[in-house]
Amino acid sequence: MLLQHGFIDKEKKGSVNEHTMERHLRTILQDACAALSADVQGDAIEIQVPKEEFGDLSTPLAMGLAKPLRKAPRAIAEQIVQTVRANDVFEKVDIAGPGFINFTFAKPFLVAEMLRLLREQDAFLREDVGQGRKIQIEFVSANPTGPLHLGHGRGAALGAALANLLAEAGFIVEKEFYINDAGRQVRLLGLSVYARYQDLLGRPVPFPEDGYRGDYITDLAEAVRASHGDSYAGKAFDDVAEFFIDFAYLRMLDALKQDLADFGVVFDTWQSERDLYRENLVEQGIDDLKRRGHIFEHEGAVWFRSTDFGDDKDRVLVKQDGDYTYFTPDIAYHRKKFEKGFDEVIDIWGADHHGYIPRMSAAIQALGHPKESFRVLLVQMVSLLKAGQPVQMSKRAGEFITLREIMDEIGPDTTKFLFLTRRSDSQLEIDIEVAKAQSSENPVFYVQYAHARINSIFEKAREAGAPAGEAPSVPDGIDASLYNDDEYRLIRKLLLYPMMFRGAANTREPHRVTFYLQELAAMFHQYYHKYRIITDDAAVTTVRLLLCQAVRIVLRHGLKILGVQAPEKM
RNA sequence: GCGCCUGUAGCUCAGCUGGAUAGAGCGGCAGACUACGAAUCUGUAGGCCAGGGGUUCGAAUCCCUUCAGGCGCGCCA
């Protein structure tokens, strides 16, 4: 159940990528440091991608060692270079600036790595950072009281992409949606529908002050009338509350699931708040905290001493009137998450809830879990512009742009891609006119076009009777001189994918994938314009088709993480 | 008042666990289809990284401060 992504090739899952450019370099540098009697762990060595003219990879290692070794950075660099130069994976190793060491890999090595990419495909691209650790991502979790809006869409895109990313990175991932079906909000929903229903039957009642006012409320009231006629006419709300609440929220939940499905986002588990009560978990949560000594009573209320764990103030769990606060079932919920055995729990929240983080974190720590095992990713607001003018959104008046509308306007792929080209915690503006009008120059099409174009090349190759059909079979070796400098640029970019991938997984930042894909697509389009893939020279053609195939594999992998189609044709 | 997020090219944003001459897309300007898809490509202009101070070999990145925008600070949810 946990592995329903269909994306993970379970047979290849176990293989670990041992020989990317970066790992190679790391190992070599670690040995070099040992020779200098500097105890540096391979993983701790900083490796970066420099500007192209400097080389493929570089390290400021020597500058960092200057102080502990009490030597000049360049002198240290010299020593490192001496030991490293003998290695034949490098074409060039040199020192630049204040002490950077730049590495340029030898072409035969690059070619061999690319062939490995072609053979191993996804297994070559991913890095096992999770090592089977269990991680839960809870996201969207919208109240089932209205349609999903853009903020939810952003959370959905992020959560789904992150789940794909982490699953590929060797975590066991569960995607969960928390259903707020027990609180005041669903009651208000039921009451709103009730009021509209009575209106329809000519028995107007005052509309609730904070009620939901969207047209969908009236639609729900109509649906009640259609299925139950006037059997609830004139009855007091308290007598029919359960019916109206359940009728309304279950329909909203269905609609919400449909929206998410159409957006391409699927959840593994749906946790109901009511079930937490049914299973007595809310009470157990309080008891657990009590046992651990973090509960006190004050002025007739039950408090959690969250200040012991970094919160600003202590928090009430049971009010004077005996009701729970919103926080209390949430503690039970997070307690349950950990009882299910997750090593890490990620919540994706709207940024307006950021003030809630310290108390939730405190509760989790109080329950005995390490602080680092809980992580909240904040998704900032999405504001919508139409031709440069802000579109006013008021949830109260039921006036807001829904995810559904945006999906219908600009398509799920574009919507997801736009959401994922920004860090989640930066505010995002989408101008719907721009997104529509420029659809032909939209970044998502740019990347997809590269993929479709490669597919088209293979079609052409088949027609032309080139030595390749779908894609040439992968040879054991290729003469490194068959590739030109522009092709080596592309190959290097491909080989940097695993490094980018690991960074994205470690930081939980899928947007890095988006940026990488745009860069790769750009590089490919440029290459395509400069050279013909299918030529009279059979050897060159084969070798170029192999490169195209490698680009295609990487594009597909990246797009799949983002949850965006990799179309054969456009 | 306190806390969190943000401030980088005309616009939208990357880069932020300190590294080399700060990047991309869009928009602007000038160009490229008799060859695998022009949803593409080439060239060009555009910056006191909000301001100020500090830390050090080195700061867009870390610290302090000012300013501007957003969001929070309930025995609400």
Side-chain angles (χ1 to χ4, degrees), chain A residues 46 48 50-51 53-54 58-60 63-64 66-67 72-73 96-100 102 143 145 180 183-188 210 298-303 312-313 315-330 350-358 378 380-381 383 385 388 418 421-431 434-435 438-450 452-461 463-464 466 503 506-507 511-512 514-516 518-519 521-522 524-535 541 544-545 548 569-570:
Chain A
E46 189 177 343
Q48 43 198 229
K51 302 177 90 154
E53 59 263 34
F54 291 132
S58 78
T59 181
M63 277 118 83
K67 200 165 260 180
F100 290 99
N102 294 322
N143 282 331
T145 53
N180 288 94
R184 191 180 115 85
Q185 296 308 321
V186 284
R187 184 177 173 83
L188 204 50
D210 304 320
H298 177 66
E299 292 180 350
V302 176
W303 295 69
D312 292 349
K313 53 186 89 166
R315 305 291 171 178
V316 172
L317 298 186
V318 185
K319 298 185 265 183
Q320 281 179 341
D321 64 9
D323 283 350
Y324 297 120
T325 61
Y326 174 82
F327 187 33
T328 312
D330 235 14
D352 54 341
H353 290 92
H354 74 261
Y356 198 70
I357 296 174
L378 292 177
Q380 278 286 353
M381 290 191 3
S383 46
L385 303 177
L418 285 177
T421 42
R422 271 83 164 172
R423 299 166 47 124
S424 66
D425 60 358
S426 73
Q427 282 141 265
L428 167 61
E429 282 189 2
I430 290 183
D431 191 316
V434 172
Q438 295 179 347
S439 63
S440 63
E441 289 157 20
N442 202 295
V444 68
F445 294 120
Y446 185 82
V447 175
Q448 289 179 319
Y449 185 55
R453 191 171 237 178
I454 291 169
N455 190 63
S456 166
I457 292 168
F458 284 122
E459 289 296 317
K460 201 72 185 180
E463 286 169 23
N506 274 328
T507 56
H511 77 272
R512 297 188 185 206
T514 318
F515 279 90
Y516 173 92
Q518 293 184 79
E519 290 161 8
F524 177 75
H525 285 310
Q526 289 159 25
Y527 170 66
Y528 173 88
H529 266 268
K530 195 162 169 185
Y531 300 97
R532 282 193 61 79
I533 310 297
I534 298 165
T535 66
T541 301
R544 289 186 174 172
L545 286 172
C548 288
K569 284 189 169 63
M570 293 175 68

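On a predicted model such as this, the values are computed, not experimentally measured, just so you know. In what follows, every chain begins at residue 1, and chains take the letters A, B, ... in the order their sequences are listed.
The residue among A:M63 and A:K67 whose nearest nucleotide of RNA chain B lies closer to the 5′ end is A:M63.
A distance of about 32 Å separates the C1' atoms of B:U44 and B:G51, rounded to the whole Å. Rounded to whole Å, the P atom of B:A22 lies 40 Å from the corresponding atom of B:C36. Between B:G58 and B:A20, the distance separating the two P atoms is 14 Å to the nearest Å. To the nearest whole angstrom, the two C1' atoms, one in B:C62 and one in B:U56, are 11 Å apart. Rounded to whole Å, the separation between the P atoms of B:G3 and B:C41 comes to 47 Å. Of the C1' atoms belonging to B:C64 and B:A9, the separation is 29 Å, rounded to the nearest Å.
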Exercise. Determine, for nucleotides 68-77 of chain B in 5'-to-3' order, which nucleotides have protein heavy atoms under 4.0 Å from the base (write B), from only the sugar-phosphate (write S), or from neither (write -).
Key: -BSBSSSBSB
Exercise. Give the B/S/- string for nucleotides 29-38 of chain B, one per nucleotide from 5' to 3', where a protein heavy atom under 4.0 Å of the base yields B, of only the sugar-phosphate yields S, and otherwise -.
Key: ------BBBS
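Here A:S426 reaches the OP1 or OP2 of B:A14: one of its side-chain N or O atoms lies under 4.0 Å away. Contact annotation: A:R423 does not reach the phosphate of B:C5 (side-chain N/O to OP1 or OP2, under 4.0 Å).
A cation-pi arrangement is found for A:R453 relative to A:Y528, the charged atom lying closer than 6.0 Å to the ring centre and inside a 45° cone about the ring normal.
The minimum heavy-atom distance between A:A522 and A:Y446, with the atom names listed, is CA-OH, 2.9 Å.
For the pair A:D323 and A:R184, the salt-bridge criterion is not met [side-chain N within less than 4.0 Å of a carboxylate O].
Between the C1' atom of B:G23 and the OH atom of A:Y516 lies a distance of 17 Å, rounded to the nearest Å.
The residue A:P358 sits apart from the nucleic acid: no heavy atom pair falls under 4.0 Å. A:N506 comes within contact range of no nucleotide atom at all, as no heavy-atom separation falls under 4.0 Å.
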